[in-house]
Amino acid sequence: MAIEKMALVNIIGRFEDLDETLIRCCDSGCFHIEPAFKNEANSTVKLLNEKNPFGVPLKEFASLATEMGIELKETKGTRFNGWTAEQFNELSENIDSEIEEKNGEKQKLATEVSELEGAVLQVDHLRGMNSDFSKIFACKHTACRIGRMPADNLAKLQYYDQTFFFVPFETTKDFCWGMYFCANGDKELVDSIFRSMFFERIHLPDYVSGNTDEAIAKLNDQIKNKKAEIEALDKEIAVLAEKHDQTILEAYTALKKRYDIFELRRKVGAVKEKFYIKGFVPKKQADKFSESFDDMEEVEVVLLPPDADAYCTPPTVLKNGWFTRPYSMLVEMYGLPKYNGFNPTAFVAITYTLLFGIMFGDLGQGFLLFLGGLILGRKSKQAGGIVARCGFSSMIFGTLYGSVFGFEELLDPVFENLGIDFLPLKAFEQSSFILLTAVGIGIFLIAVSMLLNIYIGFREKNYEKAVFGCNGIAGLIFYGSLVTFVVSKFILKIELASSAVFALLLVIPGICIFCRVPFAIAAKYKKWKLSEDEEDMTVGGFIVENFFEMFEFLLSYVSNTMSFLRVGGFVLSHAGMMLVVMTLLNMSATAAKPFTLVIGNLFVMAMEGMIVAIQIIRLEFYEIFSRFYESDGKEFEPMSVSFDTEVNI
Amino acid sequence: MLENYSSNATTAKIRAKYAQLFTQEDYRELAALRTVPEAAEYISRSARFREAFAEVDPNTIHRGFLEELLYRENFKTYIRLCKFQGLDKQPFFGFLIRRSEIDCILSIINRINSSLDRTFLSDLPGYLIKYLTIPVMELSLSQTYEDLVAGLKGTRYGKVLKKIPVREDGRADYTECELRLRTAYYAELLEQADKEFTGSVSDELKTIILREIDCRNIINAYRMKSYFGYSPDEIKRRSLTYYGIGKKNMERLYEAADPEIMMDMVNHTIYGKNSPDTDNIEVEINSVKIRRLRHYLTGSTNAPVALYAFIILCDIEVSNLVHIIEGIRYGVEAAAIESQLITL
């Protein structure tokens, strides 16, 4: 339940072996690469920033596949191993030359079809005109323009005294389609008037003739013929595609890998004639990783301690057992701990599972969740694992509550036969007990979080955190005393110690928390200073700042503790919701009873299950993690190349 | 009281529309584009103008039509908002129509003065025609100022323009016409704000209107001072006689020795507080103005206040967009375009 130990790896070799080295790093599946250097001043090492030569052929093969209608998929094959970018380029040109002619023809036809379809759209707006286009355009003394203008401007036309007339054909929401006529001599003036009213002229193609209907029919015929030609060409291209199918897929797969590997060079350093790769591997795999380069004589792999390079922070891999492993998802969601930090997964696993069981206790529903988790585990191991564990916990607490699919009395005889008289716990009869227990659980978890914080603080030699902080020893004594005082005085009504003792137990830690920064500086550096960062912190400023912080700490003790009331609240809410289902069940007709029972249970499971899951995450992240956990770790990302049909170059 | 509640839906609708206005980031992206079709495409994709551009091909659109579409969308937004809960039945809400009518009349006067025949017809935005209360198409046929005044007989503008002396050449002083028309417009607007509404609605409206007048007066005074060297008396005579910052304070600005001193004095008024660092008077004053308008729009629950503020913001937005489109058209650097925008 800790954090995986890492080894820093330096790989040095000749440039001829670079690609092979990178391939082996990828194949190992455990090498986390780091940029070869981070300090610009280090001029002896330079990062490789060459242009990727495999980008162009990769794009070429992707477009070949698109043109030939070949679906890109990963294909195994070794015939392209070791090929250079030039060889790939040559191969793509050879294949391309075969389909180029047909493709060009197809493109030309497609453009023509698109133009014809555009013409149909335009002519379609002129359906009101029944004259032959060719005859209109052939007029010697009359100019004619076809097009559209904003419908708003139509009203203006009658106020012009120039000799023209406009024939509207169709009016849409914003535009009016039509044509205007004028004498050839006035053409320029009238054109300028219409232009000023944003008349958009349509230039009909020469081949449009006859009246509107005839023209549209002719255009549609031409479109049909050209589409048939395109289809015939597609068939010819399909034959070619079948011939080159395998070659293109194999070449694309090989190219994609080479391209990705070349991209990884951006993190590789160059020192004179040699390359330099830096990264991390898990310590237990380090020797095996090193051995995989044994046959490469010119490549040297050096294993070092993870902290050997001050510029590199080792990545974090959480080490978990079978029970806690799925819960690493929640920890990663919050953020990874730093290398050598504290792995909280086990703590999360235990608390999450228990809290879920308490809040969602039902033997039957828990069993279904358990089964659901096992099935979900086939698709997502982590999510399935969490659901299964929570389901099991729900079954245990469901047994304690005596609840099976909402039937609260079903297990009563079992407990009676066993002679256990304090079970099952009845939510509504023992609601005060349940709520107080929930607060008790909260107090316990907050105290444990503080203990964890003290442990981590001492490990990091951070005395402010471990001793004087609000979650350190001072905080624990303060919180513990406060809780003990309240519980003994107001709930148990017993006198554990005099009020003066309690006051002392509150005041001394209170002063420690208030002065945590100067006390920590004094303990660490043996000198008196109000602030570590601010040189000119005044006593007044210090008091004001810490007064408000102290107030916030006190508030957080109370609010975080009270926040756990929701644990008890959900026990009652679950019982309440199932009570509603049972009431509906009693009201239903006999035939509808099974239906009501199933739907009611599924509804409660889905809705409450989700709410409880989210509420516990909230408790974990806000009430617990905030007391001890710092998520400033770096994710372990093993180098890899993956097949992808998208080419983003 | 109940009337105020009944227009709450309009206020909510205005706020929803307000969220669609272009942001500073949008302006930046738009100004970085290289061609007008690209800009048209960008604008046509925005939630605010998507519908207006539905039937338009951004690749072939004429720049003038593009700008007209933007103004048309503003006007239609105003009409839709007024009709949404029947606000247009109250005279105050005709403010944009009245403003458009004044712009049309001034265009016709300008056309008469410059002896350009029929150019007004081409410039007249077609979308306005059916909403205007004056026979704008017939008026466009006027050959002299007297023809125009005769055409406007019986309208609120006829009375105002009748009092302006006609010169021997049959023309009237354009500046005088503009001043009288705008003075009458604001006088009517302030009166409506006073009579049609009560309490905070009336107060807020009057404050917005007076501040709008102040901004107009300051910008005009600065221009008259720096470009034409007018004396304080001339400036005073050519300015609107309503004041948000008080008559004395405004006259003190007019009396400043030179434009720089005047701007320095402006910086000590509410129109200079936290204004952007720019040499452009319009950008500086209007930036402060829109900050106030935003404040009213987001803070006021009164529909008349929200609508009035929103329409001015829309106008400023479109003028920004037109600036950008013109900048792109003439290859102006994106940074230079941005410096002319009113965005604070």
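Throughout, a chain's letter reflects where its sequence line sits, starting with A, and its residues are numbered from 1. What you see below is based on every heavy atom in this structure, not just the backbone, and it leaves out hydrogens, waters and symmetry mates. Keep in mind the model is a prediction, meaning the values are calculated, not measured.
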For this session: Answer with side chain, backbone, both or neither: which region of Ala54(B) has an atom nearer than 4.5 Å to a non-hydrogen atom of chain A?
Result: neither

Exercise. Relative to chain A, which segment of Glu68(B) carries a heavy atom at a distance below 4.5 Å: side chain, backbone, both, or neither?
Worked result: side chain

Problem set entry | Part of Arg148(A) lying under 4.5 Å from any heavy atom of chain B |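 Answer is side chain: those atoms of Arg148(A) sit under 4.5 Å from chain B.
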
For this session: Using non-hydrogen atoms and a 4.5 Å limit, figure out which bit of Phe198(A) sits close to chain B: side chain, backbone, both or neither.
Result: side chain

Problem set entry | Between Gln158(A), Lys173(A), Met197(A), the one whose heavy-atom pairs under 4.5 Å with chain B are most numerous |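 Among Gln158(A), Lys173(A), Met197(A), the one with the most close pairs to chain B is Lys173(A).
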
Problem set entry | side-chain contact (heavy atoms from CB on, under 4.5 Å) evaluation trace for Ser44(B) with Phe49(B) | CA-CA 6 Å; Ser44(B) 69; Phe49(B) 293 104; over 6 Å; no

Problem set entry | Flag, side chain of Lys187(A) to backbone of Ala143(A), donor-acceptor distance under 3.5 Å | no

Problem set entry | Among Tyr160(A), Phe194(A), Phe166(A), the one residue meeting ring-ring contact (aromatic ring centres under 6.0 Å, His included) with Tyr180(A) | Phe194(A)

For this session: Please state whether the rings of Tyr78(B) and Phe95(B) are parallel, tilted or perpendicular, taking 30° and 60° as the class boundaries.
Result: perpendicular

For this session: Taking all heavy atoms of Leu124(B) and all of Met137(B), pick out the closest pair and write down the distance.
Result: CD2-SD, 3.6 Å

